[in-house]
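Labels below follow one simple rule: chain letters A, B, ... track the order of the sequence lines, proteins then strands, and each chain is numbered from 1.
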2 protein chains.
Amino acid sequence: MAYRRSALMEERLASNRQRILEATRELIARGGLRDAQVSAVAAEAGMSTGVIYRYFKAKTDLFVEVLAEAVTLEIEILDAICAGPGTVTERLYAAVESFVRRALNGPNLAYAFIAEPADPEVDIARIRERKRFAEVFRRLLAEGTASGEFAAQNLEASAACIVGAYTEALVGPIGPAREVVADREALIRSICAFCVRAVGGRTGQS
Amino acid sequence: MAYRRSALMEERLASNRQRILEATRELIARGGLRDAQVSAVAAEAGMSTGVIYRYFKAKTDLFVEVLAEAVTLEIEILDAICAGPGTVTERLYAAVESFVRRALNGPNLAYAFIAEPADPEVDIARIRERKRFAEVFRRLLAEGTASGEFAAQNLEASAACIVGAYTEALVGPIGPAREVVADREALIRSICAFCVRAVGGRTGQS
DNA sequence: TCAAGAAATGAAGCGTACTTCATTTCTTAT
DNA sequence: ATAAGAAATGAAGTACGCTTCATTTCTTGA
């Protein structure tokens, strides 16, 4: 034998893979899933088109992985908020606020992951990932209803509704037909307040 | 000259156009936007592929028109409920219930219009159509806040949230990865109750 | 340095589906 | 009946973009 992967090579391969993922994320953030063709991803990563397929079985797998990575990151943030101090209501408010705020800052990335159409497999993945979001809220709702802070309700349905509510409220502001948001802070407060009211929580905020 | 459209011909052309729209709607309802290729639409309508382009500039225009037509129909129903008898809370509940119930009955049509992948123009149309839904709820909220039945709130944001909430709650049940809904009626009640609570309305339902 | 195997290249292959267009068929007025 | 113009046909044209693969370049161990 005359070739066996060295540690250095192993590292380089891993970094290539990472670069592809990053290039994909970058393109999606810039122009949506639509602009992340395999050849464009390769160009962005400074590689040839064909090499993508050495790292990913198909374009779909690449997308799914980028999506999952981004969601994992979001969820870590949400989980931290949920595990933090404050009443359940306060934490629910903070969790929604945190997500919405970040979505408004990185428009296309959030939009793509939440709402942009893609092929069936990516779509299925997106729904799966949304469920991960819903699960975070479901746990928070469970805590709130157990403590009596929230009204009795169908936890799964309410969790899905919360995710849907702030998502839809964002689609206008960040979607492909972008609108001017007169007052970001007011919008954020409104969305959060809606969600809190919806679960039967009480807050001083409007 | 030796040819001028007769009234009969005019009628036939109009009916052809209608048949194309119906064929498209039928195909979408059966298998989603995915299954509504131009050639399939033509086959379903019993026409040749090329003739579609005598009636519609492009496939996108066809889709957009079908979407708009379907939404118009939905909105008429919602409007009737909003204009009907009962407290604002009751009418809000009934409006959401009506939409959700119909969506659960015609899975693919609703899913296609809500969430299925499509090209950018259809997407923009879909967002526009969603806004028409939101507008219906906005008016209801205006009435409810004016009468003091609902809490003071950002009407646009809350309306969007309502649309998003029931939409997302439906994506699981009707999406491509269909789930069994243990109890449809309970799901419907949960979604409606969520929306009512969210706007600060009061209802005896759980 | 050299050979063997791994990895990268990028143009060509390929599938899908929208759109066009030369031809055919139908409709109307004389 | 006939001619002119409209409408329909459907196969071919075209575009797009994922995926492959023969070839080239690079990496490793002897």
Side-chain angles (χ1 to χ4, degrees), chain A residues 1-21 23-24 27-28 31-66 116-123 125, chain B residues 1-20 23-24 27-28 31-66 112 116-123 125:
Chain A
M1 86 245 58
Y3 182 96
R4 220 192 34 192
R5 273 189 198 165
S6 65
L8 189 80
M9 194 61 188
E10 204 80 66
E11 236 173 80
R12 191 189 302 175
L13 293 179
S15 107
N16 280 353
R17 192 171 201 284
Q18 203 51 40
R19 259 171 61 216
I20 293 171
L21 289 170
T24 306
L27 283 179
I28 292 174
L33 295 179
R34 250 178 253 309
D35 284 15
Q37 300 97 326
V38 174
S39 57
V41 167
E44 176 75 19
M47 303 173 185
S48 68
T49 303
V51 84
I52 302 291
Y53 289 84
R54 180 166 282 277
Y55 294 90
F56 298 91
K57 198 176 105 283
K59 182 195 170 171
T60 290
D61 300 61
L62 172 58
F63 276 19
V64 168
E65 193 163 330
V66 170
E116 196 184 355
D119 70 85
E121 285 184 70
V122 174
D123 245 39
Chain B
M1 82 245 61
Y3 181 94
R4 219 192 35 193
R5 273 189 201 164
S6 64
L8 188 83
M9 195 60 188
E10 204 81 66
E11 237 174 78
R12 191 189 301 175
L13 292 179
S15 106
N16 280 352
R17 197 185 144 83
Q18 205 49 41
R19 261 173 56 217
I20 294 170
T24 307
L27 283 179
I28 292 174
L33 295 179
R34 222 179 285 310
D35 284 15
Q37 300 96 326
V38 174
S39 57
V41 167
E44 175 77 18
M47 304 173 187
S48 68
T49 303
V51 83
I52 303 290
Y53 288 86
R54 180 167 283 276
Y55 294 90
F56 298 91
K57 198 177 105 283
K59 182 194 170 172
T60 289
D61 299 62
L62 172 58
F63 276 20
V64 167
E65 196 164 328
V66 170
E116 203 185 352
D119 67 85
E121 285 183 71
V122 174
D123 245 40

Whole angstrom value for the distance that separates [atom2] of [N] from [atom1] of [X]:
X: B/E11; N: C/dT27; atom1: CD; atom2: C1'; value: 15 Å
X: A/L62; N: D/dC18; atom1: CG; atom2: P; value: 10 Å
X: B/I20; N: D/dA8; atom1: CD1; atom2: P; value: 8 Å
X: A/I52; N: D/dG17; atom1: CD1; atom2: C1'; value: 14 Å
X: A/R54; N: D/dT19; atom1: CZ; atom2: P; value: 16 Å

Problem set entry | Toward the 5' end of DNA chain C, by each residue's nearest nucleotide, B/L8 or B/V38 | B/V38
For this session: On DNA chain C, check which nucleotide each of B/V51 and B/K59 is closest to and give me the residue with the more 5' one.
Result: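 In this pair, the answer is B/K59.
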For [X], answer base if it contacts any base atom (sugar-phosphate contacts may also be present), sugar-phosphate if it contacts only those atoms, and nothing otherwise; contact means non-hydrogen atoms under 4.0 Å.
X: A/D119; answer: nothing
X: B/R12; answer: sugar-phosphate
X: B/F56; answer: nothing
X: B/L13; answer: sugar-phosphate

Exercise. Pick the nucleotide of DNA chain D nearest each of A/G50 and A/R34; which residue has the one closer to the 5' end?
Worked result: A/R34
Exercise. Closest heavy-atom contact between B/D35 and B/L27?
Worked result: O-CD1, 3.9 Å
For this session: Could you tell me the separation between the CG atom of A/D119 and the OG1 atom of A/T60, rounded to the nearest 0.5 Å?
Result: 4.0 Å
Exercise. In Å and rounded to the nearest 0.5 Å, what is the OH to CG distance from A/Y55 to A/N16?
Worked result: 3.5 Å
If the cut-off is 4.0 Å, is [X] near the phosphate of [N], judged by side-chain N/O to OP1 or OP2?
X: B/Y53; N: D/dT9; result: no
X: A/R5; N: C/dG5; result: no
X: A/N16; N: C/dA7; result: no

Exercise. Quick one: does A/R5's side chain have a donor or acceptor within less than 3.5 Å of a partner on A/E10's backbone?
Worked result: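 Not at all, since once roles are kept as given, no pair shorter than 3.5 Å links the two residues.
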For this session: Using a strict cut-off of less than 4.0 Å between a Lys/Arg side-chain nitrogen and an Asp/Glu carboxylate oxygen, indicate whether B/D123 and A/R34 qualify as a salt bridge.
Result: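 Result for this pair is yes, salt bridge flagged.
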Problem set entry | Salt-bridge contact A/K59-A/E121 (side-chain N to carboxylate O under 4.0 Å) |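 Salt bridge between A/K59 and A/E121, a charged N being under 4.0 Å from a carboxylate O: no.
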For this session: Go through D/dT19, C/dC18, C/dT27 for me and flag the one nearest to the B/Q37 side chain.
Result: C/dC18
For this session: Would you mind reporting whether B/R17 and B/L13 have side-chain heavy atoms less than 4.5 Å apart?
Result: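 No, every pair of side-chain atoms sits at 4.5 Å or beyond.
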For this session: Check DNA chain C against residues 42-49 of chain B and give the residues with a non-hydrogen atom under 4.0 Å, in numerical order.
Result: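 Hits under 4.0 Å, by residue number: B/T49.
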